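Structure first, then comments.
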Amino acid sequence: MAENTSQPRRMNDDLITAHVGETGGLMRALNALQQHDGYIDAALVPKLAKAFNITKAEVKGVISFYDDFTKAPKGKHVIRICQAEACQAVGSRGLTAAAIEKLGIGLGETTPDGRVTVEAVYCLGLCASGPAAMVDGQLKGRVSAHLFDAYAEEGEA
Amino acid sequence: MTKIYVPLDSSAVAMGADEVAAKIEAITGIAPVRNGSRGMAWLEPLVEVETPKGRVAYGPVTLDDVAGLIRDGMMEGRAHALCHGLTEELPFLARQERLTFARCGITNPLSMDEYASHGGLDGIQKAIGMSAEAICDEVMTSGLRGRGGAAFPAGIKWNTVRGADADQKYIVCNADEGDSGTFADRMIMEGDPLLLIEGMAIAGLGTGATKGYIYLRSEYPVAKRVLTAAIDRAYWKGLLGNDVLGSGKAFHLEVFMGAGAYICGEETSLLESLEGKRGQVRAKPPLPALEGLMAKPTLVHNVISLCAVPTILAKGGEFYRDHGMGRSTGTMPFQIAGNVACGGLVEKAFGVTLGELVNGFGGGTRSGRPIKAAQVGGPLGAYIPLDKFDMPMDYETFAKIGAGVGHGGIVVFDDTADMAEQAKYAFDFCAHESCGKCTPCRIGAVRGSEEMAKLIAGGDATTHLTLVEDLCEVMEDGSLCAMGGMTPVPVKSALDYFPEDFLKGDKG
Ligand SMILES: Cc1cc2nc3c(=O)[nH]c(=O)nc-3n(C[C@H](O)[C@H](O)[C@H](O)COP(=O)(O)O)c2cc1C
Ligand code: SF4
């Protein structure tokens, strides 16, 4: 998760300017911002536009095109469950339904307390070890519904 | 000191390999070598111990097994319920023809010395002594066709880029591997990253390109880490830089991260993305080989295509061409995935049958239930029924029935699969991933999904299927790229081979 640095603005400026002039600089800057902040702050759009010498609309167009770039912060924990064919063949539909039931939120949603986000992901390259998931950046193979218990219980406590 | 191996491959890490490696080190004081995967996913984490007879395999090893294994003599290669004997003698491996994956799982992925002592760098050493034209000829002779899905002859593309006159040319490696059921790119990037670097450097020598990018999907964090470290090593050892291994030619390489868009696997969309834009597909012509990245001549290749190149240069195009069948020359790393007992990677010459891969290597379904179908070639590939499993894996054989080999992914489904649901998913996926440039794809996919939903909910099959078939025709004929153009492939194969799954609503 993103830490609150003492000078967050300054840091974001650096993440942007570091990539000006590079091939695909805007993508690099957006990836860096998403990683650092956990989302792309809309307030940064004018800065990005200026830095890369394109319109604000173009910046927004790029942000909205890619699934990885989000407009709001995610939960403290992020669970991504593979929805693609190889995982479907070993029960990812049921697994996803179990996650939704246990956590009380749908795919792409965050629990009201901001603790857990559940997302769809389309292939983690673990297609012979499915169903697959990624929890806070950690890969998980042959996942069962028990994976979600810890996150569900924490909420009830 | 005993050498012990615990893979760093994602498929091993996802089953606890990092924890297993740490525990082995804590107990024995020996830090395991973090190798690539041997490609036997059902045995991961596969721990190997070096013995005088060879490497002995144990797997799948969980954290709870470690102490017991060590107590029972794993470090001496002793028998155990989890012991499979010598790794090399495991039938799954012994029956393969590993050219590209020859080193994967055997060497330390980040050791240039081990790479070189196992045949690495032979290809580029030869290439350095050859003219660019001769390098391209060798690739042409090999008959290598693009492994990313379109199967276009590589040699033709190399010659086009070589012949283009420009102040700057690029090699772009397509490591977006978005097809479900495929992981060969990931496995080689994690298990033998120097091979990809060597292949790209050779491509630079053959075409006159001095700069390369690996466009890597963000879902592959382990590959990112390993590749980045391998590129550092390669610079350090002179395989990359201003003077590649004393050739006097420059080649620079870096990893560029995608951001979760399947369509960015399509080469022109990828180039847009690499330029920092929306990954919108470009109309062709101009061909990327003439006007690609930043409008400069660009050789775009899949990871596996580039990884075949060092072998082709080292052993000759004819050696490579002598594998395979017909116009499908060489080997293919087939990936057996989904509901399969022994899933993983099988590198074989083209011509091996689908059934041999799924049953002979894969051992049937993991669930133990009968097989219903296998989807071959990713989300844009056909669902192949059991009675066609005697088909050889060959581009032309598959094309004849409107299917494709694609990137070599095989996803096995048992008899509980509902092909109407799978057809709906094909539309859903297209709707989600469409770049939005053309209407048949953007709107057609959404309409297709709606019609399938109505049919599945019990609507009149004839009405909805007529519309679905119409939509498929429009998408096939009117889409700019294969995303929209080939989404009908899985839909129509499901419908053709499993019509009963689409008529349930009518009956009930
Ligand atoms: C929707 C779509 C997705 C694709 N995804 C990939 C991919 O993930 N990896 C890849 O190498 N090629 C992919 N391709 C094929 C590329 O457009 C291109 O043919 C390939 O990168 C060329 O390299 P090759 O000749 O080595 O196969 C895709 C094509 C389409 C239409
Ligand atoms: S077919 Fe789909 S993905 Fe391809 S260019 Fe058209 S809208 Fe984009």
Side-chain angles (χ1 to χ4, degrees), chain A residues 19-20 22-32 34-35 40 48 52 54 58-70 80 82-94 119-135 137-143, chain B residues 10-11 13-15 41-42 44 177-183 185-187 213 218-223 256-262 264 273-280 293-294 335-340 343-345 366-367 375 378-379 409 411-414 417 421-422 425 429 432-433 435:
Chain A
H19 300 294
V20 171
E22 293 182 348
T23 305
L26 178 59
M27 279 287 283
R28 296 177 200 248
L30 291 174
N31 263 321
Q34 177 75 39
Q35 201 161 15
I40 311 279
L48 286 158
F52 292 98
I54 52 178
E58 280 173 301
V59 175
K60 284 186 190 159
V62 174
I63 294 171
S64 64
F65 189 85
Y66 298 94
D67 283 358
D68 284 3
F69 303 145
T70 52
R80 311 177 76 189
C82 179
Q83 303 294 311
E85 293 92 331
C87 286
Q88 291 168 2
V90 283
S92 65
R93 288 188 179 97
E119 291 180 343
V121 64
Y122 293 89
C123 199
L124 294 163
L126 300 173
C127 316
S129 320
M134 191 187 250
V135 180
Q138 302 294 309
L139 297 167
K140 308 272 178 200
R142 297 200 182 215
V143 171
Chain B
S10 293
S11 70
V13 170
M15 299 305 295
W42 80 99
E44 295 292 3
E177 196 167 55
D179 290 3
S180 176
T182 70
F183 46 83
D185 297 351
R186 179 187 61 64
M187 202 175 123
Y213 293 95
S218 61
E219 293 83 351
Y220 283 180
V222 177
F256 186 96
M257 296 309 292
Y262 175 79
C264 288
S273 184
L274 189 44
E275 291 178 4
K277 304 177 192 152
R278 292 165 68 87
Q280 205 120 39
L293 184 63
M294 316 301 276
Q335 302 126 84
I336 315 173
N339 194 336
V340 62
L345 183 133
R366 189 201 291 173
S367 62
Q375 187 181 23
V411 178
V412 181
F413 289 81
D414 73 11
E421 286 287 352
Q422 296 311 121
Y425 174 78
F429 186 69
H432 184 249
E433 302 294 345
C435 84

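Reminder, nothing fancy here: chain letters follow the sequence lines and each chain counts from 1. Bear in mind that the values here come from a model prediction, so they are computed numbers and not experimental data.
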Do you know which two heavy atoms are closest between [X] and [Y], and how far apart they sit?
{"X": "B:A259", "Y": "A:F69", "result": "CB-CZ, 3.6 Å"}
{"X": "A:A86", "Y": "B:V411", "result": "CA-CG1, 3.5 Å"}
{"X": "A:M134", "Y": "B:E219", "result": "CE-O, 4.3 Å"}

Looking at [options], which one has more heavy-atom pairs under 4.5 Å with chain A than the rest?
{"options": "B:A417, B:S273, B:G409", "result": "B:S273"}
{"options": "B:G338, B:G181, B:G343", "result": "B:G338"}
{"options": "B:G276, B:S11, B:A14", "result": "B:A14"}
{"options": "B:A41, B:P221, B:G279", "result": "B:G279"}

Which atoms of [X] come close to chain A, meaning under 4.5 Å heavy atom to heavy atom: side chain ones, backbone ones, both, or neither?
{"X": "B:C264", "result": "side chain"}
{"X": "B:E44", "result": "neither"}
{"X": "B:P379", "result": "both"}
{"X": "B:V13", "result": "backbone"}
{"X": "B:V222", "result": "side chain"}

Picking from [options], which has the most non-hydrogen pairs under 4.5 angstrom with chain B?
{"options": "A:A84, A:A120, A:C82", "answer": "A:A84"}
{"options": "A:E85, A:M27, A:K140, A:Q83", "answer": "A:E85"}
{"options": "A:L126, A:L26, A:T23", "answer": "A:T23"}

* For A:H19, check ring-ring contact (aromatic ring centres under 6.0 Å, His included) against everything at least two apart and list the hits. =>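 So A:H19 forms no ring-ring contact (aromatic ring centres under 6.0 Å, His included) with any residue.
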Taking [X] for its side chain and [Y] for its backbone only, find out whether a donor-acceptor pair lies under 3.5 Å.
{"X": "B:R186", "Y": "A:G125", "answer": "yes"}
{"X": "B:R278", "Y": "A:G61", "answer": "yes"}
{"X": "A:N31", "Y": "B:M257", "answer": "yes"}

### B:T182: side chain to side chain contact (heavy atoms under 4.5 Å, CB included) partners, not counting sequence neighbours
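Only B:E177, B:D179, B:Q335, B:H407 meet the side chain to side chain contact (heavy atoms under 4.5 Å, CB included) criterion with B:T182.
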Taking side chain as everything from C-beta outward and backbone as N, CA, C, O, which of these in A:V121 sits under 4.5 Å from a heavy atom of chain B? Side chain, backbone, both or neither.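 The side chain, not the backbone.
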query: Going by distance alone, is a donor N or O of one side chain under 3.5 Å from an acceptor N or O of the other, for A:Y66 and B:S218?
result: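 Short answer, no.
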inquiry  = What I want to check is whether the side chains of B:Q422 and A:Q88 have a donor and an acceptor closer together than 3.5 Å.
reply    =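 Distance-only check passes for B:Q422 and A:Q88.
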ask   = Would B:Y262 and A:Y122 count as a close aromatic pair, with their ring centres under 6.0 Å?
value =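 Not under 6.0 Å, so no.
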To the nearest 0.5 Å, what is the distance between CZ (B:F183) and SG (A:C123)?
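With rounding to 0.5 Å, CZ (B:F183) is 9.5 Å from SG (A:C123).
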* Asked: CZ of A:R28 to CZ of B:F256: how many Å apart, nearest 0.5 Å?
  ->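 One finds 5.5 Å between CZ of A:R28 and CZ of B:F256.
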Counting only heavy atoms not in A:K60, do more than 12 sit closer than 6.0 Å to its NZ atom?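 Check fails, neighbour count at 12 or below.
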* Should we count CD of A:E22 as having more than 12 external heavy atoms under 6.0 Å? ->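 Enclosed: over 12 neighbouring heavy atoms sit under 6.0 Å from CD of A:E22.
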